[in-house]
Amino acid sequence: MRSPVDYRRIEQAMARGTRDGAAAGELFAAAATVLEEIASGRRALRAVRHPLGFLCLPVRREGDRGVCVHVFGDVPAGPPARPTTSAVHAHSWDLISCVLYGQVGNLRVRVRDEPDRPTHRLFEVHSTASVTAPPDGTGDAPAVDEIRPTSRLVSCAPGPEETSLAGGIYRLPAGEFHTTVVPPGTVAATLLLGRSLPGRHDLTLGPVHGPAHRVVRQTCDAAQTARTARTVLRRIDGHHCR
């Protein structure tokens, strides 16, 4: 019998921050519990190869809230997932995330309308399923992203970068353009909470003359998913004593 994932309790622990020893213990214990269930097969789900290059373990979705684990660098062998637009994107949901190990940077990007001399076009991402936090289950039906160009022509410039180390917590509000930065050749993982906002779509920057297109997100098999969960669990054990 798998254990329930208590979104509100994890959210409250993140709000207290990992400087609070009890809160840190709750967050790492929650991550370790779901990873053990995935590794053993007690929690039936499949890891998804995200187009931005990381692996998503979709733990739970309930209404507008979701929980998942994102894994950077420990991606199983297989067809690589690559973005079809750019790495600059903005979520349709508020995000709060705890770094389980490694380091994760978020580079804010300033985007402004530039109809005369644009560098990019704004695209909306319409997904048939939420990969960040889909319903519990095996995920047999892969998510499909419809990437649709909008009429907005823009330019962009890098803003400040925030880097979070193991045990750190970062937040990204819906609609904030950014890129996620993990140093090449390194590994990292995060426990992530998302809360969707009504009437929003994920956004990304793409070529000025880029066409509409579809992206089918690749799903790992059960063995790859379990192996990834075991790898993440070992790395957590190496960085934090539960």
Side-chain angles (χ1 to χ4, degrees), residues 46-58 61 66 68-93 95 97 104-115 117-134 139-159 161 172 174-185 188 190 192 194 196-197 199-221 224-225 228:
R46 299 291 183 266
V48 178
R49 300 175 189 268
H50 194 279
L52 292 177
F54 60 85
L55 208 66
C56 174
L57 296 172
R61 179 167 185 172
C68 65
V69 174
H70 283 180
V71 184
F72 302 86
D74 283 316
V75 179
R82 294 190 176 95
T84 58
T85 49
S86 79
V88 179
H89 61 285
H91 302 297
S92 60
W93 35 275
L95 174 157
S97 192
V104 178
N106 285 289
L107 175 66
R108 268 63 172 184
V109 177
R110 294 187 289 266
V111 174
R112 67 177 186 178
D113 291 313
E114 190 66 64
R117 300 182 65 183
T119 59
H120 296 84
R121 183 180 295 276
L122 195 66
F123 287 71
E124 288 185 351
V125 183
H126 295 253
S127 299
T128 58
S130 173
V131 173
T132 300
D140 291 333
V144 176
D145 297 327
E146 298 280 353
I147 316 295
R148 303 177 186 175
T150 72
S151 61
R152 285 185 62 188
L153 298 173
V154 301
S155 64
C156 65
E161 181 175 345
L172 286 169
E176 182 164 299
F177 284 94
H178 65 283
T179 61
T180 302
V181 182
V182 175
T190 62
L192 181 149
S196 299
L197 300 183
R200 299 283 193 108
H201 295 291
D202 291 339
L203 303 173
T204 184
L205 300 189
V208 171
H209 301 293
H213 58 283
R214 301 172 79 232
V215 175
V216 178
R217 300 201 183 185
Q218 303 164 16
T219 304
C220 297
D221 62 25
Q224 291 171 325
T225 300
T228 298

Just by distance, do the side chain of [X] and the backbone of [Y] share a donor-acceptor pair under 3.5 Å?
| X | Y | result |
| --- | --- | --- |
| His91 | Trp93 | no |
| Asp202 | Ser92 | yes |
| Arg49 | Cys220 | no |

Determine the minimum heavy-atom distance between [X] and [Y], stating which atoms define it.
| X | Y | value |
| --- | --- | --- |
| Pro76 | Leu55 | CD-CD2, 3.6 Å |
| Arg121 | Pro207 | CB-O, 3.5 Å |
| Leu153 | Pro118 | CB-CB, 3.6 Å |
| Leu57 | Val71 | CD1-CG2, 4.4 Å |
| Ala87 | Leu52 | CA-CD2, 3.9 Å |

Please determine whether a side-chain nitrogen of the Lys or Arg among [X] and [Y] lies less than 4.0 Å from a carboxylate oxygen of the Asp or Glu.
| X | Y | result |
| --- | --- | --- |
| Arg108 | Glu176 | yes |
| Asp145 | Arg217 | yes |
| Arg152 | Asp113 | yes |
| Arg148 | Glu124 | no |

Any luck finding a side-chain donor-acceptor pair between Thr85 and Thr204 under 3.5 Å?
->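 Short answer, yes.
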Once rounded to the nearest 0.5 Å, what's the spacing between atom [atom1] of [X] and atom [atom2] of [Y]?
| X | Y | atom1 | atom2 | value |
| --- | --- | --- | --- | --- |
| Leu122 | Leu203 | CG | CG | 5.0 Å |
| Asn106 | Ser97 | CG | OG | 8.5 Å |
| Phe177 | His120 | CZ | NE2 | 11.0 Å |
| His50 | Cys68 | NE2 | SG | 9.5 Å |
| Arg112 | Ser155 | CZ | OG | 4.5 Å |
| Thr179 | Leu205 | OG1 | CG | 10.5 Å |

Counting C-beta onward and ignoring hydrogens, is there a side-chain heavy-atom pair between [X] and [Y] closer than 4.5 Å?
| X | Y | result |
| --- | --- | --- |
| Val104 | Thr190 | yes |
| His178 | Leu172 | yes |
| Leu192 | Val69 | no |

Apply side chain to side chain contact (heavy atoms under 4.5 Å, CB included) to the pair Ser196 and Arg61, showing each step before the final yes or no.
-> CA-CA 11 Å; Ser196 299; Arg61 179 167 185 172; 4.0 Å; yes
Have a look at Glu146 and tell me which of His213, Arg214, His126 forms a side chain to side chain donor-acceptor pair (under 3.5 Å) with it.
-> Arg214
